[in-house]
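Sequence lines set the chain letters: A, B, ... in the order given, protein chains first and strands last, and positions in each chain run from 1.
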Amino acid sequence: MNPETIPTRRFFLKAGAVLAAPMNGPALAAIGGDARVAEHEDQAAIRIVHQDWLRDINGGRAVAQTQVGETVRRIAEDHEGDADMIAVASDGRSASARFACAVEIETALSRETTLEQMAHAQGEGFVRRTERRAVAADYVKTRYGWTIARVEFATA
Amino acid sequence: MSGTPYPKEPMYRYAFTRLSPVQILAKLGPAAHGGPSSISPISDALAGKTIRIVTDKGPTLAYKFAGLNRLSVAENGKTFQASYGALTLDSVVLFAHLIPGTQRGYAVVIDRATNLATVVELWFSGYQDNREVQREIWQGHVEQAGKDAPTARHAATNRIEGKGFYWKQDAGPETLEFYPSAAYSHFVELSRQGGEFGYCAPSDYIRISDELYLYTRTECEFSGTFTLYVMDLNRIEQIGLRLGFDPHDALEYYLFRGTGEWLGQIAQFEKFGDIAGNPVPRPSPEKGSRRVYRPLQTMPKMTKAEVDAAVARNTRVFVNRTTAGNGAAGMATNGAAPSDKLVGKAMTLRYDDGPALDYKFVDAETLNWRFAGTGAWTNARYRAWETAPDAFIFGHVLEGTPNHDGHMVVVDFDQGLATCFNGTVNTPYFANEAAAKTWFGVIEAEGIVPPRRRRHHFTDDLVGTAITWNYAPGLTSMHLYSTPNTVSWIIFTESGAGGMEWSGPGAFVKIRDGLYFAYWLEDACNGTLGTITINLRTMHDAGIGYHCGTEGLSMSQIGAHARLAGRFDITKYYQPKTKRDEA
């Protein structure tokens, strides 16, 4: 292997960028050992869990709420936000992550005023807004793979 | 005495008879056998013809027309004999018939140019109030031998939204009809009821062609009467059907031909390219289902004792609403910040046909008031907004008054004038429903010499005007000031289409050029008195709501950003008229 390519791979790993394909095991072993290989595989697996969760939310198969109980209707990745961060614990059994997203939040209107009551009567008693948020999630590794333990919509 | 056209009660107060199905069937009997009446000559366009109408998801109707008024119809295989009537307008034929022995009938619109058909199935006793006509609209075509079925269809549309017409039917009824929504409409009965108030009804708008449209309305929450017509936008002509029971429970079942006048076009707020109709989704797939605003059903109806107890328990004056988690503040998220410029002022507001009140403004939220000349001051919470330079709106509750008065006042220091909308509860209808009186008067204060005769005054400047009000994210309505005594409000759907609509009595006072003080009463609705100052230069209002419910009495801020949606030219219809003028 050409030693001059090593700094390039180290840059990719430090920046946390998404790799299009898994790195070659022997190549990784050459720069960080088996632990780094496992970490990277865990990160990739967590990223898949995150993507599946986004699809479930956007497809209405899963429900999410903000900390104040507002319904999250859609989540899109925010490519203008901070880079994704996935940190796997040294024991490889838990992880935390932070993904920059655009979150569409739905808030129910009250029924106190006539206009709000009319909005409910016509089946639209809610307000939607989109905010840039950081999806902060904790994961645990089970025998079936990585699963989401907790999700929070933090300030971006 | 020649009499007046005004009803004793507005339509939403009238106790329409709860007719039974048996009563309705008995009243329909003669009309089912005789067909709809018509002042205009019935058309022979269908006489001797046989047609088969196939609808997409509804009935297949095979008609044989024998002469001008008899037909047989096979409806999904079962045949009925009935009487019918027909009218034509350009390429369109409208015919209608009941099915004898039932509470059902049809109104059918055929465009002979395209062979497309809209079938409107009608029936009574489909709702808890049996007299309310139910309808389902089916799209289809008239079969043509040897030809494939057309793929095009008449379709629900928003292309009528924003228009307004004066209509006069051949039988005499005159109306102003506005279509400020794609799901509701607003109508003023000029001849039947004197044109004092406007009313709202769920409506359908179907496109037949670029100039021919089908419109329906059902007077839900009133008589339940159904009106349908095909209108030609260019010629301003109509052919239509009316079916229902009037306030005396007499059957109205007639075809009509009408002519009209153009009142104008106001703005639409859907995205460009959106011409879809039916913006308010039906609540279920059940035939006839539609979303109808029925506010009286959910309005608490309280006794005087209950009102007094609720007010004693909880009176909230300008308390910030903080519903957890939603970030919305009801009707005032876009409201202006309150003003403290009244602090330190002392004045007497002397109303011509009302009391005189002394005021001392202690701080930005506290004033002292007393009836002028009496000894004791009462401490009250208030808020004020400077709605134009040296013109303020402020409000406070008069604790201890028997009808829990709330005063919403505009003081104009430039002119030395004051106008009060005196809000009270304990109306003759529901104790928690608000009423309003307008008092014109003057400011007596140091440095102000008020005019002796000049006052703020009622105005027709805003009649016909439509203004949108954006109160908070996702909460936008449009006001339509359809008569000098009516405020109608339309709530927009998420797509920007006009949705549900309601209306109530109102009044409009001119404060200055471009500055108005208006109120509306949510009669038989939420019971609220809403008051706003409308500044047509800043396009912002500052207002105060007064409301009593089981939760107590409240006075709260109203504030919204405005957009001018347009104006209908209608003031000429509200000029005083005598029978001699109409002869």
Tell me, please, which residues at least two apart from A:Arg132 pass side chain to side chain contact (heavy atoms under 4.5 Å, CB included). A:Asp78, A:Glu80, A:Ala156
Taking the side chain as every heavy atom from C-beta outward, state whether A:Gln122 and B:Tyr293 have any pair of such atoms under 4.5 Å apart. no
So, applying side chain to side chain contact (heavy atoms under 4.5 Å, CB included) with A:Leu115, which one of B:Trp502, B:Phe492, B:Tyr471 is it? B:Tyr471
How long is the straight-line distance from CE of B:Met331 back to CD of A:Glu116, given to the nearest 0.5 Å? 8.0 Å
Do B:Trp489 and A:Thr114 come within less than 4.5 Å of each other through their side chains, counting heavy atoms only? yes
Within a reach of under 6.0 Å around CG of A:Asp82, are more than 12 heavy atoms found that belong to other residues, nucleotides or ligands? no
Between CZ on residue A:Arg111 and CG on residue B:Asn526, distance to nearest 0.5 Å: 12.5 Å
For atom CZ of B:Arg294, is the number of surrounding heavy atoms from other residues, nucleotides or ligands below 6.0 Å larger than 12? yes
Chain A: which of B:Val280, B:Thr493, B:Thr476, B:Val292 shares the most heavy-atom pairs with it under 4.5 Å? B:Thr493
Could you look at B:Glu501 and say if it's the side chain, the backbone, both or neither that has a heavy atom under 4.5 Å from chain A? backbone
Does a sphere of radius 6.0 Å around CD in A:Gln67 hold more than 12 heavy atoms from other residues, nucleotides or ligands, not counting ones at 6.0 Å or beyond? yes
Measuring from atom CD of A:Gln117 to atom OG1 of B:Thr298, what distance do you get when rounded to the nearest 0.5 angstrom? 5.5 Å
How about B:Glu494 and A:Arg128: do any of their side-chain heavy atoms sit closer than 4.5 Å? yes
Kindly check if the number of other-residue, nucleotide or ligand heavy atoms within 6.0 Å of CZ (B:Arg13) is above 12? yes
